[in-house]
Amino acid sequence: MDKPSDIAAAISALRAILPEQGLLVSEEETRPYECDGLTAYRQLPLMVALPETEDQVVAVLKLCQEMHLPVVARGAGTGLSGGATPVAEGLVLSLAKFMRILEIDPVARTARVQPGVRNLAISEAAARHGLYYAPDPSSQIACTIGGNVAENSGGVHCLKYGLTVHNVLRLKVALMDGEVVEIGGTALDAPGYDLLALMIGSEGMLGIVLEATVKLTPRPQLAQVVMASFSDVVAAGNAVASIIAAGIIPAGLEMMDKAATAAVEDFVHAGYDLSAAAILLAESDGTPEEVAEEIAAMRSLLEASGATDIRVSANEAERLRFWAGRKAAFPAVGRITPDYLCMDGTIPRRRVAEMLTRISEFSKTYGLRCANVFHAGDGNLHPLIMFDANVPGETERATAFGASILELSVEMGGTISGEHGVGIEKVNQMCVQFSSAELALFHAVKAAFDPRKLLNPGKAVPTPRRCSEYRLTGTPGTKT
């Protein structure tokens, strides 16, 4: 849509659908929507729609379908892979005003919510029933359920309680042509293909979430965290493997290296050991008896793995303080560097120590600092590559550094994304992870839901041309 007359017609039609001030078109108005949490990539959208009702969303989609206007859905914009980066000649469809918790059923242990509801708000609303929503991304105070569904978000407790896909029962979704469908259900299983799992993690490429029914989990009687210090990252990585190999599934099992703990401690004052090369946070929850037994078993394994210091949270305030440090890792690193890229590769747990060693080598090769924070229990890495976009060449080196980590993740038997999604950040690495035939199947799935390729175009699944050029030269093609 490049003709001024077409744009004017679209603006006029959208204003007739949306509430007053529900369409943003000036540069000043659309500038806040130019990127998500991946600020290295920015693009002003043609316009931003702020619907308030489901009927308005449906009408907007039907109009965009008719006018061939690309649509990028957006929640809180906390995503880290560029999934909500706008399209230059497209519309950003913000679900920010869909903020209602529609129903909490304490007997069925479910909550029915709109997509703009914050992750943490569900747990706050369910707390009076002794329940909470288990997936807890570090951005849970701000990120929304619609975005969590799009990216299949996890969090520090996903090892035991699962990712978003394990905690969503039903979705109401608007397709690009305006059709509204319900996927899944509140029964133990739904008939037919598992479209719920397909939709969750589809990065806004298949449909727009209008409503989600999520599982609620009973709050445990007790939770305690073991914090263990290690003199080298290899020993810490091996301790992770030892805990899992012993058949223990902690509620959370997280690892931070020295660069990360130094940044966090100065920011949060969580009580971390700044002399340690790495620390592990391992949480046990359940009855007091279960927790005591599991804590004792983990302490024994940590000591055998070479832990130099072990602390167990003495009370709930200290437990929350330990986790507050881990959850504040991203903003803490943001305080000590002008820019950073947060990678999201996932590898087999037994290779954590090997990967950390290789990341240290990459850091020297590319001449950039890197702090490592990750969900150690399921091998989900979050290396934070620090750089300054104002220094010529540093953005390119940081991008190459990240690509090296992701492609090594694949080489080690892992994957390029655990929970942040592919977006535009990792689209080249999709060419490494999957064959041409597999990528063709992904395109076919996309076409089944969105044949005109208007929903979040250019994200997640690369074209054959792009992959051909990347595989030959390591340089992406001009088309996505």
field: With Cys467 via disulfide bond (SG atoms under 2.5 Å apart) - residues at least two apart
entry: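 Cys467: disulfide bond (SG atoms under 2.5 Å apart) contacts with Cys431.
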
A quick test of your reading: do over 12 heavy atoms of other residues, nucleotides or ligands sit less than 6.0 Å from [atom1] of [X]?
X: Glu28; atom1: CD; answer: no
X: Lys453; atom1: NZ; answer: no
X: Arg100; atom1: CZ; answer: no
X: Glu66; atom1: CD; answer: no
X: Ile11; atom1: CD1; answer: yes

Tell me, do [X] and [Y] make a side-chain contact under 4.5 Å, heavy atoms counted?
X: Lys62; Y: Asp177; answer: no
X: Ile359; Y: Ile405; answer: yes
X: Val156; Y: Lys327; answer: yes
X: Glu124; Y: Tyr132; answer: no
X: Leu368; Y: Met386; answer: no
X: Leu163; Y: Ser153; answer: no
X: Ile200; Y: Leu171; answer: yes
X: Leu198; Y: Leu206; answer: yes

Any luck finding a side-chain donor-acceptor pair between [X] and [Y] under 3.5 Å?
X: His382; Y: Glu419; result: yes
X: Trp323; Y: Glu283; result: yes
X: Glu407; Y: Gln429; result: yes
X: Asn380; Y: Thr346; result: yes
X: Asp136; Y: Asn119; result: no
X: Asp285; Y: Tyr161; result: yes
X: Asp105; Y: Thr110; result: no
X: Ser436; Y: Arg471; result: yes

With rounding to the nearest 0.5 Å, note down the distance linking [atom1] in [X] to [atom2] in [Y].
X: Ile104; Y: Leu216; atom1: CD1; atom2: CG; value: 6.5 Å
X: Arg112; Y: Glu103; atom1: CZ; atom2: CD; value: 5.0 Å
X: Phe449; Y: Glu179; atom1: CZ; atom2: CD; value: 10.5 Å
X: Lys446; Y: Met176; atom1: NZ; atom2: CE; value: 9.0 Å
X: Ile347; Y: Glu411; atom1: CD1; atom2: CD; value: 11.5 Å
X: Tyr33; Y: Leu44; atom1: OH; atom2: CG; value: 12.5 Å

side-chain hydrogen bond (donor to acceptor under 3.5 Å, both in side chains) pairs, two or more places apart, involving residues 14-25: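 For residues 14-25: none.
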
Donor-acceptor check, side chain of [X] to backbone of [Y], threshold 3.5 angstrom: yes or no?
X: Asn372; Y: Asp257; result: no
X: Arg397; Y: Tyr366; result: yes
X: Asn456; Y: Lys459; result: no
X: His443; Y: Pro462; result: yes
X: Glu203; Y: Val422; result: yes
X: Asp36; Y: Ala84; result: yes
X: Gln65; Y: Leu61; result: no
X: Ser435; Y: Glu438; result: yes
X: Thr217; Y: Tyr133; result: no
X: Ser404; Y: Ala400; result: yes

message: Applying the side chain to side chain contact (heavy atoms under 4.5 Å, CB included) criterion to Leu95, which one of Thr144, Val57, Val209 satisfies it?
response: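 With Leu95 as partner, side chain to side chain contact (heavy atoms under 4.5 Å, CB included) holds for just one option, Val57.
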
Please report the closest heavy-atom contact between [X] and [Y], naming both atoms and the distance.
X: Met199; Y: Gly207; result: SD-N, 4.0 Å
X: Leu341; Y: Ala40; result: CD2-CB, 4.2 Å
X: Leu159; Y: Leu253; result: CD2-CB, 4.0 Å
X: Met67; Y: Asp6; result: CE-O, 3.8 Å
X: Arg369; Y: Ser363; result: CA-OG, 4.0 Å
X: Pro45; Y: Pro86; result: CB-CB, 3.6 Å

query: Does the distance from a Lys or Arg side-chain N to an Asp or Glu carboxylate O, for Glu27 and Arg31, drop under 4.0 Å?
result: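 Yes, charged N to carboxylate O under 4.0 Å.
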
message: Please enumerate all residues that pass salt bridge (charged side-chain N to carboxylate O under 4.0 Å, His left out) together with Lys97, with sequence neighbours excluded.
response: Glu52

- request: Step by step, work out the side-chain hydrogen bond (donor to acceptor under 3.5 Å, both in side chains) result for Lys426 and Gln433.
  value: CA-CA 10 Å; Lys426 307 180 186 76; Gln433 176 94 59; over 6 Å; no

- prompt: What do the steps show when you test Cys370 against Phe401 for side chain to side chain contact (heavy atoms under 4.5 Å, CB included), and what is the final call?
  reply: CA-CA 10 Å; Cys370 182; Phe401 188 168; 4.0 Å; yes

message: Could you go through Asp344 and Ser417, starting from their C-alpha distance and side-chain angles, then the distance that decides it, and tell me whether this counts as side-chain hydrogen bond (donor to acceptor under 3.5 Å, both in side chains)?
response: CA-CA 5 Å; Asp344 180 38; Ser417 179; 2.7 Å; yes

query: Is the distance between the ring centroids of Phe442 and Phe434 less than 6.0 Å?
result: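 Yes; Phe434 has its ring centre under 6.0 Å from that of Phe442.
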
Worked verdict on Val71 versus Leu454 for side chain to side chain contact (heavy atoms under 4.5 Å, CB included): CA-CA 6 Å; Val71 176; Leu454 294 174; 5.7 Å; no

task: Show your working on side-chain hydrogen bond (donor to acceptor under 3.5 Å, both in side chains) between Ser409 and Arg351 and close with a plain yes or no.
output: CA-CA 10 Å; Ser409 297; Arg351 306 195 74 169; over 6 Å; no

- prompt: Can you say whether the rings of His420 and Phe330 are parallel (under 30°), tilted (30 to 60°) or perpendicular (over 60°)?
  reply: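 Ring orientation, 0 to 90° scale: perpendicular.
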
